[in-house]
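What follows is one structure encoded as structure tokens, with my remarks underneath.
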Amino acid sequence: MKAAEDQVVEEDTSFQDEEEVFFQDIDLLQKHGIGIQMTTRKALCNIKGLSEAKVEKIKEAAGKMLNVGFQTAFEYSTKRKQVFNITTGSQEFDKLLGGGIESMAITEAFGEFRTGKTQLSHTFCVTAQLPGEDGYSGGKVIFIDTENTFRPDRLRDIADRFNVDHGAVLDNVLYARAYTSEHQMELLDFVAAKFHEEGGVFKLLIIDSIMALFRVDFSGRGELAERQQKLAQMLSRLQKISEEYNVAVFITNQMTADPGAGMSFQADPKKPIGGHILAHASTTRISLRKGRAEMRIAKIFDSPDMPENEATFAISAGGVTDAKE
């Protein structure tokens with residue numbers, strides 16, 4: 001009888017030890033920026049050292065730790081209260097966006113060259129660090145550069161406009177240059193790990209521009225399906241990162257000539273690249289176009305809660321600002 005009891009106790013402690021190991025596994029995976037409930041079983045099985053059986057147990061243990069089911073609209077609205085806005089530097093532009101770009105969302109700005117996409121990115125690097133409305137405290141920024149457009153000197157000029165220290169501003173921006181679409185995806189793993197490691201410190205992730213490397217790495221219609229699949233994976237990862245860590249994601253995008261536009265008598269025969277995949281993944285899409293001299297016009301192209309409208313802004317030495325009449 002004693003032996004049987006000992007065996008039960010032994011089994012019980014080994015089960016507890018096993019469960020503890022899985023909770024530790026979850027912690028380790030989270031530290032590497034892998035959100036368990038936001039990662040498929042297939043993707044977890046691709047991680048070295050994780051068998052299908054182990055993945056099942058990790059998922060089960062994660063399910064006990066986290067509430068993964070339904071929640072009421074009221075509970076979700078409470079979560080949405082954590083959402084903050086980062087100012088564009090222009091009051092008119094902010095008004096168009098309902099206060100600036102939003103956290104827990106992907107904001108995409110597209111337009112031809114010299115419409116202000118990169119200027120916006122640089123301005124956000126500084127404004128994200130400044131305390132703002134509704135108790136927003138400001139925080140650090142990660143900038144992924146795919147076209148070699150990032151210029152630290154621009155940040156110094158913008159910092160001067162807001163009377164903030166150059167060194168502090170530059171120290172709070174973590175910069176990476178991506179060379180291939182694959183490298184761009186790998187950098188997101190680093191980003192997620194960094195956001196987990198320094199919880200609440202980072203407020204903004206910028207990718208300027210999202211499609212440039214995909215255009216280079218995948219050419220012609222033959223590779224279009226693969227390109228769109230990889231792009232979908234990247235955008236899904238971005239959306240999860242923005243929600244899990246409550247950060248704003250700002251991406252810029254390029255334009256392309258639409259060969260079918262002539263048939264439909266469209267006013268503008270150009271369209272943003274990335275197709276439906278990018279269109280559906282971006283929470284808010286902003287179209288940018290040139291105005292007179294340094295004036296630019298921003299238009300809400302697609303948004304879940306903002307009406308289709310336009311705003312005029314200007315590009316100055318101190319970044320994006322209000323247009324002077």
Side-chain angles (χ1 to χ4, degrees), residues 30 33-39 62 66-88 93-110 120-121 123-125 127-144 172 174 187-208 210 231-253 274 277-286 300-307:
Q30 302 273 29
I34 299 161
I36 303 302
Q37 292 304 340
M38 290 186 172
T39 308
L66 306 162
N67 174 26
V68 292
F70 287 93
Q71 56 187 319
T72 66
F74 181 76
E75 285 168 336
Y76 184 59
S77 77
T78 306
K79 186 187 176 188
R80 292 279 307 163
K81 281 179 183 158
Q82 298 170 25
V83 169
F84 56 81
N85 294 86
I86 298 171
T87 175
T88 59
F93 201 164
D94 284 352
K95 209 183 290 175
L96 180 76
L97 295 170
I101 58 165
E102 207 176 52
S103 68
M104 289 196 197
I106 298 173
T107 304
E108 174 200 350
F110 65 84
L120 251 178
S121 301
T123 306
F124 281 134
C125 280
T127 60
Q129 299 183 38
L130 308 172
E133 290 178 13
D134 302 320
Y136 174 64
S137 57
K140 292 185 178 181
V141 179
I142 291 184
F143 193 116
I144 296 176
N172 286 332
L174 213 52
L187 285 171
L188 291 189
D189 291 338
F190 168 82
V191 167
K194 200 73 185 154
F195 286 171
H196 180 82
E197 207 178 286
E198 298 184 43
V201 171
F202 286 89
K203 301 293 182 187
L204 175 65
L205 167 63
I206 297 169
I207 303 180
D208 185 20
I210 189 81
L231 177 63
Q233 287 168 355
M234 175 174 293
L235 292 164
S236 167
R237 188 93 171 94
L238 278 175
Q239 190 59 60
K240 287 167 186 171
I241 285 171
S242 74
E243 287 177 38
E244 196 173 343
Y245 302 106
N246 189 21
V247 295
V249 174
F250 178 70
I251 60 177
T252 68
N253 193 12
I277 300 254
L278 189 49
H280 293 310
S282 299
T283 319
T284 299
R285 304 189 92 190
I286 308 157
I300 293 279
F301 193 77
D302 182 29
S303 168
D305 50 5
M306 299 308 297

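Residue indices begin at 1 and follow the sequence shown. As the structure is a computational prediction, the values presented were derived from the model and not from experiment.
- No side-chain heavy atom of Ile210 sits under 4.5 Å from any side-chain heavy atom of Glu108.
- Between the OH atom of Tyr76 and the CZ atom of Phe70 there is a distance of 14.0 Å, given to the nearest 0.5 Å.
- Residues meeting the side chain to side chain donor-acceptor pair (under 3.5 Å) test with Thr88, sequence neighbours left out: Asp94.
- Looking only at side-chain heavy atoms (C-beta outward), Phe250 and Ile106 stay at 4.5 Å or farther from each other.
- For the pair Pro307 and Ile300, the minimum side-chain heavy-atom distance is 4.5 Å or more.
- With sequence neighbours excluded, the residues satisfying ring-ring contact (aromatic ring centres under 6.0 Å, His included) with Phe301 are Phe110.
- Atom NZ of Lys240 and atom OG of Ser236 lie 3.5 Å apart (nearest 0.5 Å).
- Residues Lys140 and Leu204 fail the side-chain proximity criterion, which asks for heavy atoms closer than 4.5 Å.
- When all heavy atoms of Lys194 and Phe202 are compared, the pair lying nearest together is CG-CE1, 3.8 Å.
- Under a 3.5 Å cut-off, the side chain of Asn246 and the backbone N or O of Gln82 do form a donor-acceptor pair.
- Under a cutoff of 6.0 Å and an axis angle of 45°, Lys203 and Phe84 form a cation-pi pair.
- Under the rule for a salt bridge (charged side-chain N to carboxylate O under 4.0 Å, His left out), the partners of Lys95 that lie at least two apart in sequence or sit in another chain are Glu92.
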* **side chain to side chain contact (heavy atoms under 4.5 Å, CB included) between Ile207 and Phe143, intermediate numbers included** => CA-CA 6 Å; Ile207 303 180; Phe143 193 116; over 6 Å; no

* **Worked check of side chain to side chain contact (heavy atoms under 4.5 Å, CB included) between Asn85 and Ile101** => CA-CA 5 Å; Asn85 294 86; Ile101 58 165; over 6 Å; no

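- Pro304 meets the side-chain contact (heavy atoms from CB on, under 4.5 Å) test with Thr283, Thr284; sequence neighbours excluded.
- Every residue two or more places apart in sequence or in another chain that forms a side chain to side chain donor-acceptor pair (under 3.5 Å) with Asp208 is listed here: Thr118, Thr149, Thr252.
- Here the side chains of Phe124 and Val141 are not in contact, with every heavy-atom distance at 4.5 Å or above.
- By the side chain to side chain donor-acceptor pair (under 3.5 Å) test, Thr127 pairs with no residue at all, sequence neighbours left out.
- By the side-chain contact (heavy atoms from CB on, under 4.5 Å) test, Thr72 pairs with Phe74, Glu75, sequence neighbours left out.
- Remark: Thr107 engages no residue in a side chain to side chain donor-acceptor pair (under 3.5 Å) (not counting sequence neighbours).
- Between Ser242 and Gln239, the shortest heavy-atom distance links the atoms OG-O, 2.8 Å.
- Residue pairs meeting the side chain to side chain donor-acceptor pair (under 3.5 Å) criterion with at least one member in residues 129-138, sequence neighbours excluded, are Gln129-Asn172.
- Considering only heavy atoms from C-beta on, Ile251 stays 4.5 Å or farther from Leu205 through its side chain.
- With sequence neighbours left out, Val83 forms a side-chain contact (heavy atoms from CB on, under 4.5 Å) with Arg80, Glu102, Ser103, Met104.
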* Begin from the C-alpha positions of Cys125 and Ile206 and carry the test side chain to side chain contact (heavy atoms under 4.5 Å, CB included) through to its verdict. => CA-CA 8 Å; Cys125 280; Ile206 297 169; 3.8 Å; yes

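- The distance from the CG atom of Leu97 to the CD1 atom of Ile86 is 11.5 Å, given to the nearest 0.5 Å.
- Between Ile142 and Leu187 there is no side-chain heavy-atom pair separated by less than 4.5 Å.
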